[in-house]
Amino acid sequence: MNKDQVADILQEIGILLELKGENPFKTRAYQNGARALEGLTESLEKVVAEGRLGDIPGLGDALQQKITLLVTTGRLEYYEELKASLPAGLLTLLEIPGLGPKKVKALYEKLGVSNLELLKAACEKGQVAELAGFGKKTQDNILQGMAFHEKYASRHHLHLALAVAEPLLEALRNHPAVTRCSTAGSLRRSKEVIGDIDFVVSSRKPNEVIDYFVKQPAVLTILAQGDTKASVIVEQGIQADLRVVSDAEFPFALAYFTGSKEHNIAMRQRAIARGLRLNEYGLFRSTEETRDPALLDSCATEDEIYQKLGLHYVPPELREDHGEFAAAEKGLLPRLIEWTELKGSLHNHSTWSDGRQTLDEIVETMMGLGLSYWAVTDHSQASFQAHGLRPERVREQIVAIREINRRLEGEGVDFRLLTGTEVDILASGELDFDDELLAELEVVVASVHSGFTAPEAEMTRRIIAAVENPNVHILGHLTGRLLLEREPYKVDQHAVIDACAATGTWIELNASPSRFDLDWRLWQYATSKGVKCVINCDAHRAEHAGYLRLGTGVARKGWLTKQDVINVLPLGELRRQLAKKRSGEG
DNA sequence: GCCGTTTTCGGCCCGACTGTTTTCAGTCG
């Protein structure tokens with residue numbers, strides 16, 4: 001078993017123990033253990049074999065023993081017995097908003113409710129309202145929560161969440177009673193998928209702002225409305241939470257609701273270590289339970305909060321407890337890449353394969369955005385479903401692009417298309433075009449589009465064979481994942497990154513919100529090996545150019561700087577690097 | 001179940017909102 005599978009099981013044990021009514025700190029210990037494994041950047045098998053599990057904070061004797069069993073035998077009797085002791089459907093009940101472990105436990109023990117159908121039946125018969133601690137209102141809310149659960153998945157692609165959040169933020173900003181406002185939460189941290197949208201506002205008239213917020217046209221349902229916060233469902237079925245605080249409290253509330261939860265816990269602990277107390281309202285001297293403003297250690301901005309805790313400012317994207325505290329203490333946080341530094345995208349499609357824009361339309365759109373270049377990398381022949389190009393069509397396209405570039409040069413315009421291909425990595429590990437054709441193209445992206453079910457070792461071999469071809473500049477979407485849709489295929493990502501480091505091959509950060517692949521968690525490893533990143537739109541339509549901004553947000557989560565990213569280079573320097581890569585000096 | 005330069009025992013982040021209660025438990029973030 002690999003670390004993700006083991007982490008999933010620890011996570012599930014934690015939940016099962018909660019349903020059993022175990023000591024909450026014990027259940028949290030399992031969840032902490034799962035998180036510790038997810039954050040591991042090397043092979044779990046290796047760590048276990050070398051007896052170094054104990055070096056990982058959060059893993060004590062009991063967890064070390066269980067993890068070792070799972071890794072070496074693939075089984076854990078403790079887990080299997082625990083799982084067998086409760087009906088399988090109980091876990092899905094926890095996905096209903098408003099139902100937590102205590103209520104699920106009561107429903108199961110008192111009514112024998114063990115799955116969604118039984119829960120629905122019990123609500124409709126009015127049995128749930130009769131239970132102690134429940135009532136009519138709770139029963140109605142459960143029914144509503146179930147309807148919501150059926151209709152919408154609970155997680156959302158980043159671009160969809162942004163499309164709803166940005167107009168709402170603009171509306172809040174324009175309200176006269178709003179002093180400062182911002183998005184917070186996973187959206188502000190540029191997570192690859194979003195649970196809900198968070199807004200933080202400072203105002204002297206919170207009720208006015210909350211009233212205004214819940215009446216926005218995008219709001220479909222009001223879930224809760226109080227004096228300091230409101231929760232609503234907005235278009236796309238996304239939950240949006242608004243918190244309103246005083247302006248003095250704003251930086252603390254913004255930091256708190258931006259999270260991540262793990263980052264906040266570490267911040268609170270730093271405060272406690274300094275005899276202070278940090279919460280969403282301020283930084284208080286001593287740990288006294290009071291909101292007396294006299295005790296407020298005022299901070300005008302988030303920056304000042306970090307300073308008071310002995311840290312350099314941590315950009316939101318880095319707030320994942322992923323090494324930012326060690327770096328912020330020493331002033332070693334990187335200057336992160338900005339999306340405005342990008343000059344173009346090196347993996348895109350046109351009407352020649354499955355894209356929606358002609359070459360001329362691409363030129364017009366991308367030039368209009370102020371970009372310097374745009375590589376046209378249509379699919380190769382094996383991607384039949386995507387109208388992949390035969391070699392002769394590729395050569396025709398090269399001619400067409402040269403023609404356009406000559407025209408642009410004649411007009412004195414500072415923009416060029418680059419010729420290229422997204423060539424399929426075939427099951428054998430060979431590429432879908434021969435070396436002669438690849439050498440005629442300026443940009444070669446190699447990607448897997450078939451044989452997703454190959455065993456890990458075989459998939460790893462295929463991809464490594466592809467990046468060893470000197471004609472390949474860029475490895476496309478390394479894991480093939482489609483967020484919220486399709487799991488990544490099985491591949492040893494570290495081994496592939498090592499091969500890219502050895503061959504000077506660049507790795508794409510595919511900026512499509514369905515992909516964000518390579519995952520941000522692996523970029524620190526990749527750059528430590530000297531691998532360069534290309535933030536690519538994989539554009540199929542004009543509006544996909546906007547993915548440059550979203551992809552940069554995710555790149556920032558991977559601690560990437562301007563120096564790590566190829567497509568910040570001006571055209572001339574980019575062409576030199578493309579040639580250098582091929583000559584083997586890259 | 002984890003952890004320790006006050007502790008090998010007794011802590012473990014903490015506040016708002018809802019609904020069911022009449023002072024609080026559960027859930028959520």
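Scope of the values below: all heavy atoms of this structure, side chains included, with no hydrogens, waters or symmetry mates. If you're wondering where the values come from, they're calculated on a predicted model, not measured in any experiment. Lettering follows sequence order; numbering is per chain, from 1.
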Show me the donor-acceptor pairs within less than 3.5 Å that the side chains of residues 108-133 of chain A make with the rest of the protein, sequence neighbours left out.
| residue | atom | partner | partner atom | Å |
| --- | --- | --- | --- | --- |
| A/N115 | OD1 | A/E117 | N | 3.1 |
| A/N115 | OD1 | A/L118 | N | 2.8 |

Upstream residue (5' side of DNA chain B) when A/Q225 and A/P101 are each assigned their closest nucleotide: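 With A/Q225 and A/P101 compared, the 5'-side residue is A/Q225.
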5' precedence on DNA chain B between A/Q239 and A/E280 (nearest-nucleotide basis):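 Of the two residues, A/E280 wins.
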Whole-Å gap separating [atom2] ([N]) and [atom1] ([X]):
| X | N | atom1 | atom2 | answer |
| --- | --- | --- | --- | --- |
| A/K136 | B/dT21 | NZ | P | 15 Å |
| A/D140 | B/dT20 | CG | P | 9 Å |
| A/K229 | B/dT27 | NZ | P | 15 Å |
| A/I142 | B/dT18 | CD1 | P | 17 Å |
| A/F284 | B/dC14 | CZ | C1' | 12 Å |
| A/K105 | B/dG26 | NZ | C1' | 13 Å |
| A/D241 | B/dA16 | CG | C1' | 11 Å |
| A/K102 | B/dT18 | NZ | C1' | 16 Å |

Results of side chain to side chain contact (heavy atoms under 4.5 Å, CB included) for A/E262 - residues two or more places apart only: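 A/E262 satisfies side chain to side chain contact (heavy atoms under 4.5 Å, CB included) with A/R35, A/S260, A/D321 only.
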Which residues share a side chain to side chain contact (heavy atoms under 4.5 Å, CB included) with A/K205, sequence neighbours left out: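 A/K205 satisfies side chain to side chain contact (heavy atoms under 4.5 Å, CB included) with A/A177, A/S203, A/E208 once adjacent residues are dropped.
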Sugar-phosphate, base or nothing in reach of A/N32, heavy atoms under 4.0 Å: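 The residue A/N32 makes no contact with any strand.
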Sugar-phosphate only, base, or nothing, as touched by A/L99 at under 4.0 Å among non-hydrogen atoms: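 Sugar-phosphate: the residue A/L99, judged by heavy atoms under 4.0 Å, touches backbone atoms but no base.
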Selected nucleotide, minimal atom distance to A/T228 side chain, candidates B/dG15, B/dC17, B/dT27: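 Between B/dG15, B/dC17, B/dT27, the one nearest the side chain of A/T228 would be B/dC17.
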Separation between the [atom1] atoms of [N] and [M], rounded to whole Å:
| N | M | atom1 | value |
| --- | --- | --- | --- |
| B/dC12 | B/dT18 | C1' | 27 Å |
| B/dG26 | B/dT20 | C1' | 11 Å |
| B/dT27 | B/dT21 | P | 15 Å |
| B/dG19 | B/dC9 | C1' | 38 Å |
| B/dG4 | B/dT8 | P | 13 Å |
| B/dG11 | B/dT6 | C1' | 13 Å |
| B/dC28 | B/dT23 | P | 26 Å |
| B/dT7 | B/dC3 | C1' | 10 Å |

If a pair satisfies salt bridge (Lys or Arg N to Asp or Glu O under 4.0 Å) and one of its residues is in [range], list it, with sequence neighbours excluded.
| range | result |
| --- | --- |
| residues 15-30 of chain A | A/E22-A/K26 |
| residues 172-197 of chain A | A/E170-A/R173, A/R180-A/D247, A/R188-A/E302, A/R189-A/E320, A/E192-A/R521 |
| residues 212-232 of chain A | A/D211-A/K215 |

Close side-chain approach of A/T179 to A/V201, heavy-atom, < 4.5 Å: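 No, every pair of side-chain atoms sits at 4.5 Å or beyond.
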Phosphate oxygens OP1/OP2 of [N]: is one of them under 4.0 Å from a side-chain N or O of [X]?
| X | N | answer |
| --- | --- | --- |
| A/K137 | B/dG19 | yes |
| A/T138 | B/dT20 | yes |
| A/R277 | B/dG15 | yes |

Proximity of A/H175 and A/F213 rings by center, below 6.0 Å: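 Not close enough - the centres of the two rings lie 6.0 Å or further apart.
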Aromatic ring proximity A/W520/A/H322, centre distance under 6.0 Å: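 Between A/H322 and A/W520, which both carry aromatic rings, the centre distance is below 6.0 Å.
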Annotated protein contacts, base or backbone, on nucleotides 1-13 of chain B with a non-hydrogen cut-off under 4.0 Å, one of B, S, - each: BSS--------BB
Parallel, tilted or perpendicular: rings of A/Y306 and A/Y313 (30°, 60°):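 Rings of A/Y313 and A/Y306: perpendicular, over 60°.
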Base partner of B/dT8, which must satisfy Watson-Crick or wobble distances under 3.5 Å: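 None - no nucleotide pairs with B/dT8, as no candidate has both distances under 3.5 Å.
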Members of residues 178-214 of chain A that approach DNA chain B, where some heavy atom sits under 4.0 Å away: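 Within residues 178-214 of chain A, the residues near DNA chain B are A/D196.
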Set of ring-ring contact (aromatic ring centres under 6.0 Å, His included) partners for A/H494, sequence neighbours left out: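 ring-ring contact (aromatic ring centres under 6.0 Å, His included) check on A/H494 returns A/Y525.
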